[in-house]
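As the structure lists them, so they are numbered: ligands from 1, and atoms in each ligand from 1.
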Amino acid sequence: MQQKIGLFGLGSIGRSIAQFLLDSNHDVVIAVDRDPEKVGSDLGSLVGRGELGLEVSEQLDPRIASDCDLVVHSTCSRFRDAFPQLSNIVETGCNSISTCEELSYPYLRNPGLSEQLDILARDRGVTVLGTGVNPGFLLDALPAFVAKACKRVDSFSASRVVEASLRREPLQRKIGLGMYPEEFAAKTSKGSMGHIGLFESCALISTAMGWKLDEIKQDISPVIADNDIRTDYFEIKAGQVRGLRQDLAGMAGETKIRMYLEMSAGAENPGDSVMIEGDPPVDLFIKNGLHGDHATVGRVVSHIGDVVAADPGLVTVLDLPTNPHGARAGLVRDTRLTGSGRLL
Ligand SMILES: NC(=O)c1ccc[n+]([C@@H]2O[C@H](COP(=O)([O-])OP(=O)(O)OC[C@H]3O[C@@H](n4cnc5c(N)ncnc54)[C@H](OP(=O)(O)O)[C@@H]3O)[C@@H](O)[C@H]2O)c1
């Protein structure tokens, strides 16, 4: 049966998810965003897919939401900001998948709110998941899955180098393109610079491995332009910031998990890597890296069926099946070889 899907948050990611859902004939029944420029407009027209007859509203209508199977939430990165929005969705008896970075492992920074949301979701019989590409896949679910082929894992190292000039405007802004180094340093010292989600990826891996970490250390530094660079959204002069680097170490006495993230305009050798020291050792490299925005849409949409079918509560990507797009065991068993080599 086709699920009825709602969309809460129609920024760059919400709109890309909307386009993909509409192009793949999903039944989109709710569109919410607080941006006055979007409120009142037709969702189809907003995402370039022609009039749909579905108006963007500022608030979630509980009557319509209660008839919806799942709401895709994409408004913010901090769980404490997402909490009231997700609680409203869950209250209506609707499942939810969110791209909120901290929700990928919410217990790390907000154990009390996580507990509350988990209790509410169980009470309403629905499931809530935080996912995306990073966190939610490349630096956590993927390495954890790869480790299933190892007899022994001593340590992990995962890295992602992103050519940021190909990414959406909010991401380019978030990584400080065009800032002066002093402004970057001041914002970093206040904790308002840097990608959110590396800590959560580290916590997901340690959970997957059953490791108890004593400390997670992180260092954030700017990447400075040697020459002028222009992206679709920013002009960066030589001497200004063209991106950032984040180094993270998850310690249990020694370093067990190391992560490196670089997002910069003009990044050298973009790509995603997973290295495992163990038996057998693993050295995996995805040349050019996964396109983060497209892969986030893929992660969210391919988990819709899993989340609707999952046991109620607040879950992580580690709790869900790894099969893409509903390829469930029953369907896999339906593939039969005939004598002629054709498949039934
Ligand atoms: N896990 C991952 O891999 C991953 C990948 C991609 C994105 N993300 C995260 O997903 C979130 C969405 O990304 P984005 O690029 O689409 O962000 P965005 O362009 O800033 O869009 C967010 C949209 O949500 C709206 N909004 C915010 N709070 C709201 C509320 N309380 N009620 C209704 N609407 C609200 C915003 O309106 P205003 O503009 O008026 O505030 C905006 O239109 C970001 O936090 C991003 O970091 C995670």
Determine whether Thr131 and Phe137 satisfy the following criterion, side-chain contact (heavy atoms from CB on, under 4.5 Å), listing intermediate values before the conclusion. CA-CA 8 Å; Thr131 192; Phe137 186 62; 5.9 Å; no

Is the closest N or O pair between [X] and ligand 1 shorter than 3.5 Å?
X: Thr99; value: yes
X: Val133; value: yes
X: Gly9; value: no
X: Pro36; value: no

- Query: Taking Asn134 for the side chain and Leu139 for the main chain, is one N or O donor matched with an acceptor at less than 3.5 Å?
  - Reply: no

Just to confirm my output: which protein heavy-atom neighbour is closest to [atom], and how far is it?
atom: atom 5 (C) of ligand 1; value: Thr296 OG1, 3.2 Å
atom: atom 19 (O) of ligand 1; value: Ser12 N, 3.3 Å
atom: atom 33 (C) of ligand 1; value: Arg34 N, 3.3 Å
atom: atom 21 (O) of ligand 1; value: Gly11 CA, 3.1 Å
atom: atom 31 (N) of ligand 1; value: Gln85 NE2, 3.1 Å
atom: atom 15 (O) of ligand 1; value: Arg168 NE, 2.7 Å
atom: atom 46 (C) of ligand 1; value: Glu101 OE2, 3.5 Å
atom: atom 25 (C) of ligand 1; value: Asp33 OD2, 3.4 Å

Point to revise | Glu169 near ligand 1 by a heavy-atom separation under 4.0 Å | key: no

Contact between ligand 1 and Gln59 is defined here as a heavy atom of the residue under 4.0 Å from a ligand atom; is it met?
no

Going by chain and number, the hydrophobic cluster around Leu337 (ILVMFWY, side chain to side chain under 4.5 Å) further includes Leu343

For this session: Might you check, step by step, whether the distance between atom 17 (O) of ligand 1 and some protein heavy atom is under 4.0 Å?
Result: no

Pick one of side chain, backbone, both or neither for how [X] approaches ligand 1, counting any non-hydrogen atom pair under 4.0 Å.
X: Thr131; answer: backbone
X: Pro135; answer: both
X: Lys38; answer: side chain

For residues 258-301, the ring-ring contact (aromatic ring centres under 6.0 Å, His included) pairs (sequence neighbours left out) are His291-His294

Check whether Phe79 forms a cation-pi arrangement with Arg109 (NZ or CZ under 6.0 Å from the six-membered ring centre, at most 45° off the ring normal). no

| Just by distance, with hydrogens left out, do His73 and Gln85 show a side-chain donor and acceptor under 3.5 Å apart? | yes

Among Ala295, Ser74, Ser77, closest by heavy atom to atom 45 (O) of ligand 1 is Ser77

| said: Determine whether Val317 and Leu129 satisfy the following criterion, side-chain contact (heavy atoms from CB on, under 4.5 Å), listing intermediate values before the conclusion. | reply: CA-CA 7 Å; Val317 286; Leu129 168 74; 4.1 Å; yes

Using side-chain contact (heavy atoms from CB on, under 4.5 Å), reason through Phe8 and Ile30 one step at a time and then give a plain yes or no. CA-CA 8 Å; Phe8 192 109; Ile30 293 174; over 6 Å; no

